[in-house]
Structures are given as structure tokens and as C-alpha cells.
2 protein chains.
Amino acid sequence: MDNQQIKGAGLKVTRPREKILSILERSGHRHLSAEDVYKALLNNGDDIGLATVYRVLTQFEEAGLVCRRHFETGQSVFEINSGDHHDHLVCIRCSRVVEFADPLIEERQGAIAAGHGFRIENHSLVIYGVCAQCAAQ
Amino acid sequence: MDNQQIKGAGLKVTRPREKILSILERSGHRHLSAEDVYKALLNNGDDIGLATVYRVLTQFEEAGLVCRRHFETGQSVFEINSGDHHDHLVCIRCSRVVEFADPLIEERQGAIAAGHGFRIENHSLVIYGVCAQCAAQ
DNA sequence: TAACAAGATGCGAAAGCTTCTCACTCGTCC
DNA sequence: GGACGAGTGAGAAGCTTTCGCATCTTGTTA
């Protein structure tokens, strides 16, 4: 139940928070911008302000419910945090996003960070390219 | 000579372009934001508008003279393109940036992209962590 | 169930980075 | 040296994101 997740984050269960979480869940694994979420709410007939969307997404991020990604589009995108870390392949033509995980890369990153005296906290790996469909056109 | 690089990019050699290139070169391998470049120009006594700084940096990027990086700070940073690809370790406390290159990671990225039918164009790997100095405090 | 306090919301305003517009100026090439 | 096209500066505008504040809700206590 969504409510449990929201409560678990120490947040009150309110309509905006339920709706936003449900939109992110229903979106499958698409990566939605705050604007996308806002538009989805409007389409649903929910009258929720854009400022609230940003606030709630930030709270969800802090609570670990969602992940915020910074692709090079100038806006942040959000996705449900399914627990398993992964990185992204982004098509520069059609913006399609493919997720992947590679233990070998993760391991090397740890080694590199350690080698430079860094305690690793987080990382972001995005590969930009042209997907098969776009290349075929 | 800087002028050759600017001409080679099909751009006229103008004072703003010379000054900006020279600032980036003199900065060593620091990562400067457009604002940083602008301030450096002012300190030099050069009266060059911020809009011009952005324009020129974008042109230099298109010409391959500089690289633009998107760390998670909300602003882009620029560095001279020295030709050798590298990735970044960023300290989330003091913002220190360390560059590194890892052939193994590069190779895995190529394999992953190919496995998903992507023709790789570019990529961005940033590891965020706490550097030794900040951890010691 | 009613009332209350803390927390949430919505709206518009504002901030921060970046780009655009447009009149003016400057390189380049003849 | 002059003409033309490209480049510049200043401010306005655009975009994403955050803030401030009056109003409304949730969760709790009586």
C-alpha cells in the first residue's frame, strides 16, 4: 500500500502525495520530470500545484522512495526507487532510456574512489548514444 | 597559438574569444563555470558581457575546443578539451574535482551499449563522495 | 465526535542559470 | 580603406526550481 510508504517516510498521508506516488508507480520505469508528473495530475483531474509536485518529489527523494536523475536535458527526472542500483543509456535522438547494471563497473568505481582517498557516496553514469531504431532511420 | 585554434573552428579571432580561451588554458585543469570565467575576465579588466561568455563557450564546445560537464550543482562547468577522455570524482563537501580514466570501465561501457543496440556517442561518469581531507575533519 | 496544533497546500512571486533580441561595433577580404 | 557579414553588450526574457504566506488538512487528544 502506498500509504504505508508515505507514513514510513514520516510524512502525512495527503491526496497530493498519494496521487504523485501512484503516478510514478503506474508509469512503469519511465523517467518523469516534475512537469510530466504535474501534467499527468492535471489529466487525471487533480488540482495540484506545481510547487507541491516539486516539494513532494524532493521529500520522496529524501525518504528514499524515488531517485532523482540529472540527464543533460536541463531538467531533473524522477523514478521509483526499486532498490536495485542501475545506470542509464540514453538515446540522444529519441530520448529513450534503457537501464542497466554492471557489477564490474561498480567494482572498478569503488577501487578508483578508494585509490584517490574518496569514500564513495553516490555516482552517476550515463551513456549517451543512438539507439538501434534511430540509427536505422 | 590560440588564434589558430579559434580560426580552425571557423570563428573570427576576436578579443573576447582570445581572452576566454586564455583563461581556460591558464586555469590548469580546474573546472570553471561560465560565471567563473566572467569574473576572471572582470578581474583582468576585460569588459566582456556574460552573454558573450555563454555564447563563446557554447561555440568552443561545438568546435571541440572545450568540454561542458554537468555536475549536480545546477550549473555547467567547462574545461579545455585536452583530447584524452576522462571521468570525474567530485567531493560533495568541498567540491574538489579529481580526474581519472579507466580503460576497463570504458571497455565495459562499449560492450553494454553494443549489447543494447546503441552506438555510443558520449558518456558521463561522475562519482560523488567525500575526499580524504574532508573525511578527516 | 469536536477541537487543536503541526504540517501541507496553492498561488504568485522570486531566484538562478542560460538564451534571445537588437542596435551597434569589429574582423575579414577585396 | 570600405563594405559586408559576423560578433558583441546590455537588458529582457525563458526555463526550471524554490520561497513566502495565507489557507486548509491530517492526526491526535479530550
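These numbers come from a predicted model, not from an experiment.
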Counting only heavy atoms not in B:Gln133, do more than 12 sit closer than 6.0 Å to its CD atom?
no
Result for side chain to side chain contact (heavy atoms under 4.5 Å, CB included) between A:Arg17 and one of A:Ile6, A:Leu65, A:Asn3 points to A:Ile6
Does B:Asn44 reach the main-chain N or O of B:Leu41 with its side chain, forming a donor-acceptor pair under 3.5 Å?
-> no
Q) Under the 3.5 angstrom rule, does the side chain of A:Asp102 hit a backbone N or O of A:Leu104 as a donor-acceptor pair? A) yes
Once base and sugar-phosphate atoms are separated, protein heavy atoms under 4.0 Å mark nucleotides 22-30 of chain D, 5' to 3', with B, S and - as ----BS---
Heavy atoms of B:Thr52 and B:Pro16 approach each other most closely as CG2-CB, 3.9 Å
Between the side chains of A:Glu79 and A:Arg69, is the shortest nitrogen-to-carboxylate-oxygen separation below 4.0 Å, so that they form an ion pair?
yes
ask   = Between A:Glu121 and A:Arg119, is there a salt bridge with N-O shorter than 4.0 Å?
value = yes
Quick one: [X] [atom1] to [N] [atom2], roughly how many Å, whole number?
X       : N      : atom1 : atom2 : value
B:Arg17 : D:dG7  : CZ    : C1'   : 6 Å
A:Glu62 : C:dG7  : CD    : P     : 15 Å
A:Arg69 : D:dT17 : CZ    : P     : 16 Å
A:Arg68 : D:dT18 : CZ    : C1'   : 11 Å
B:Gln75 : C:dT19 : CD    : P     : 13 Å
B:His70 : C:dC17 : NE2   : P     : 15 Å
B:Leu41 : D:dT8  : CG    : P     : 12 Å

Ranking B:Tyr38 and B:Gly10 by the position along DNA chain D of their nearest nucleotide, the one closer to 5' is B:Gly10
* Would you classify A:Ser33 as touching base, sugar-phosphate or nothing, given that sugar-phosphate means primed atoms plus P, OP1 and OP2, and contacts are heavy atoms under 4.0 Å? => nothing
Indicate the ring-plane relationship of A:His85 and A:His123, choosing parallel, tilted or perpendicular according to the 30° and 60° boundaries.
-> perpendicular
Could you go through the ring-ring contact (aromatic ring centres under 6.0 Å, His included) check for B:Phe71 and B:His88 one step at a time? CA-CA 9 Å; B:Phe71 298 155; B:His88 297 86; 5.4 Å; yes
Within residues 43-61 of chain A, the residues having a heavy atom closer than 4.0 Å to DNA chain D are A:Leu50, A:Ala51, A:Tyr54, A:Arg55
